[in-house]
Undergrad: 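Below is a structure I'd like to ask you about.
Hydrogens, waters and symmetry mates are skipped; everything else that's a heavy atom, side chains included, is used. Position 1 is the first residue of the sequence; numbering continues from there.
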Amino acid sequence: MKPLPEITVHPKRSSLDDRPLDRRIGLIILATDHTSEPDFRRMVANDRIGVYVARIPYANPTTPENLRKMQPALTAGAALILPDETLDAICYSCTSASVVIGDAEIEAAIQAAKPGVPVVTPPAAGVRGLNAFGVRRISVLTPYTVETSRPMATYFAERGFEIASFTCLGFEDDREMARIPPAALVDLAREATHPQADALFVSCTALRGALAVTGMEQAIGRPVVTSNQASAWNCLRLCGDDSAHPEFGRLMTLPLTRD
């Protein structure tokens, strides 16, 4: 082995940018999640916006009881995302858990670690997305059981939406939900949309709905809002990114409707 060269310290310290990327989005996802991270990488991350992910414990089956068990982990999960640094928004990527825990409770848990950061949940983003279209009568499609779907129906009804139809698929494992082919979601959207509905909301961050949204919109001739698409749109707009991405559905061409 040849002698190693002397290692020297450069005499001048390099200048530093304020941030490696201009904007920072935190993403809290389930330990079992196959879909949210690739979807945010596809729809949100770019040369100006970074997406930084933390996973928290979760165990199937997807029941209201198991979903509520994630609440204590939210603060620790948020704290692990770029500790002691600010974020431009943070999304807790679970639609059904956000409904059963409550948006306000999730915001409080996350802001305990990241004070003042705007918090996005998929159902709240879904409501903002539907409001951006100005629709009131909706159909809803979920992969869940009836037990887990019922709080979702209540959530949207309490926010002023008339639910023309509600269809669930009866799955209990989010890993199986992630395996539903996007092409199958197009067919399911067609079957699940009531003739009198103004739009379709497709719930669940496990579903690969963002890959199917344009096909679903073509199939039903109406706007489609999905969990990950709405969350991504909400986060982009909070970062001041108003660019249109019609390849991910009509919602991705609209401005954010402020609460």
Side-chain angles (χ1 to χ4, degrees), residues 9-10 12-56 73-95 98 103 106-126 128-129 132 178 205-206 208-211 213-214 225-259:
V9 178
H10 193 278
K12 186 177 179 181
R13 183 172 171 82
S14 174
S15 63
L16 301 176
D17 288 331
D18 289 337
R19 294 181 173 191
L21 291 172
D22 184 41
R23 299 290 182 180
R24 302 190 284 223
I25 299 295
L27 184 63
I28 301 174
I29 63 177
L30 282 58
T32 52
D33 188 327
H34 284 269
T35 309
S36 296
E37 198 166 358
D39 269 357
F40 265 66
R41 190 179 303 119
R42 187 180 295 117
M43 292 188 286
V44 178
N46 56 43
D47 58 3
R48 179 175 161 268
I49 301 174
V51 177
Y52 305 92
V53 183
R55 289 178 177 260
I56 61 174
L74 288 171
T75 302
L80 288 172
I81 302 175
L82 302 181
D84 303 320
E85 298 190 61
T86 59
L87 299 172
D88 296 284
I90 189 164
C91 175
Y92 170 47
S93 193
C94 187
T95 321
S98 296
D103 292 327
I106 288 167
E107 182 177 281
I110 289 173
Q111 290 184 344
K114 295 289 187 182
V117 65
V119 175
V120 174
T121 70
R128 294 181 189 111
T205 57
R208 289 175 285 164
L211 296 176
V213 66
T214 56
V225 175
T226 79
S227 290
N228 285 352
Q229 171 221 39
S231 297
W233 166 77
N234 200 159
C235 288
L236 283 170
R237 299 304 185 250
L238 287 172
C239 285
D241 187 329
D242 295 320
S243 56
H245 296 280
E247 67 273 24
F248 297 119
R250 299 183 204 178
L251 179 60
M252 281 290 205
T253 69
L254 300 180
L256 176 64
T257 300
R258 297 293 177 176
D259 293 336

Undergrad: Val51 versus Met43: any side-chain heavy-atom pair under 4.5 Å?
TA: no
Undergrad: Return the CZ to CZ distance between Arg237 and Arg128, rounded to the nearest 0.5 Å.
TA: 13.5 Å
Undergrad: At their closest point, which heavy atom of Leu238 faces which heavy atom of Pro118, and how far apart are they?
TA: CD1-CB, 4.0 Å
Undergrad: If only atom types and distance count, is the side chain of Lys114 paired as donor or acceptor with the main-chain N or O of Ile81 below 3.5 Å?
TA: yes
Undergrad: I would like to know whether Leu256 and Trp233 meet side-chain contact (heavy atoms from CB on, under 4.5 Å); could you show each step before the answer?
TA: CA-CA 8 Å; Leu256 176 64; Trp233 166 77; 3.5 Å; yes
Undergrad: Heavy-atom distance under 4.5 Å between the side chains of Thr253 and His245, does that happen here?
TA: no
Undergrad: Is it true that a side-chain atom of Gln229 and a backbone atom of Thr226 form a donor plus acceptor pair closer than 3.5 Å?
TA: yes
Undergrad: To the nearest 0.5 Å, what is the distance between CG on Asp88 and CD1 on Ile49?
TA: 8.5 Å
Undergrad: Any chance you could measure Ile90, atom CD1, to Glu107, atom CD, to the nearest 0.5 Å?
TA: 11.5 Å
Undergrad: Give me the atom names and distance for the closest heavy-atom approach of Ala54 to Gly77.
TA: CB-O, 3.4 Å
Undergrad: What distance separates Ile56 CD1 from Tyr92 OH, expressed to the nearest 0.5 Å?
TA: 4.5 Å
Undergrad: Can you give me the closest heavy-atom contact between Ser36 and Leu27, atom names plus distance?
TA: O-CD2, 4.1 Å
Undergrad: Check whether any side-chain heavy atom of Arg42 sits under 4.5 Å from a side-chain heavy atom of Leu211, and report yes or no.
TA: yes
Undergrad: Testing Thr121, Thr95, Thr205 for side chain to side chain donor-acceptor pair (under 3.5 Å) with Ser227, which one passes?
TA: Thr95
Undergrad: Taking all heavy atoms of Thr214 and all of Gly249, pick out the closest pair and write down the distance.
TA: CG2-N, 3.7 Å
Undergrad: Between Arg55 and Glu37, is there a side-chain N and carboxylate O pair less than 4.0 Å apart?
TA: yes
Undergrad: Return the minimal non-hydrogen interatomic distance between Val120 and Ala125, and the atom names on each side.
TA: CG1-CB, 4.1 Å
Undergrad: What I'd like to find out is whether the side chain of Asp103 reaches to under 4.5 Å of the side chain of Ser98, using heavy atoms alone.
TA: yes
Undergrad: Carefully, step by step, assess Asp241 and Asn46 under the rule side-chain contact (heavy atoms from CB on, under 4.5 Å).
TA: CA-CA 11 Å; Asp241 187 329; Asn46 56 43; 3.6 Å; yes
Undergrad: Give the minimum heavy-atom separation between Phe40 and Ala232, together with the two atoms involved.
TA: CZ-N, 3.9 Å
Undergrad: What's the spacing between Ile28 CD1 and Ile110 CD1 if we round to 0.5 Å?
TA: 4.0 Å
Undergrad: Working to the nearest 0.5 angstrom, can you tell me the gap between Cys239 SG and Ile25 CD1?
TA: 3.5 Å
Undergrad: Is Asp242 close to Pro255 at the side-chain level, that is, under 4.5 Å between some pair of heavy atoms?
TA: no
Undergrad: Keeping Arg24 on the side-chain end and Thr86 on the backbone end, is there a donor-acceptor pair under 3.5 Å?
TA: yes
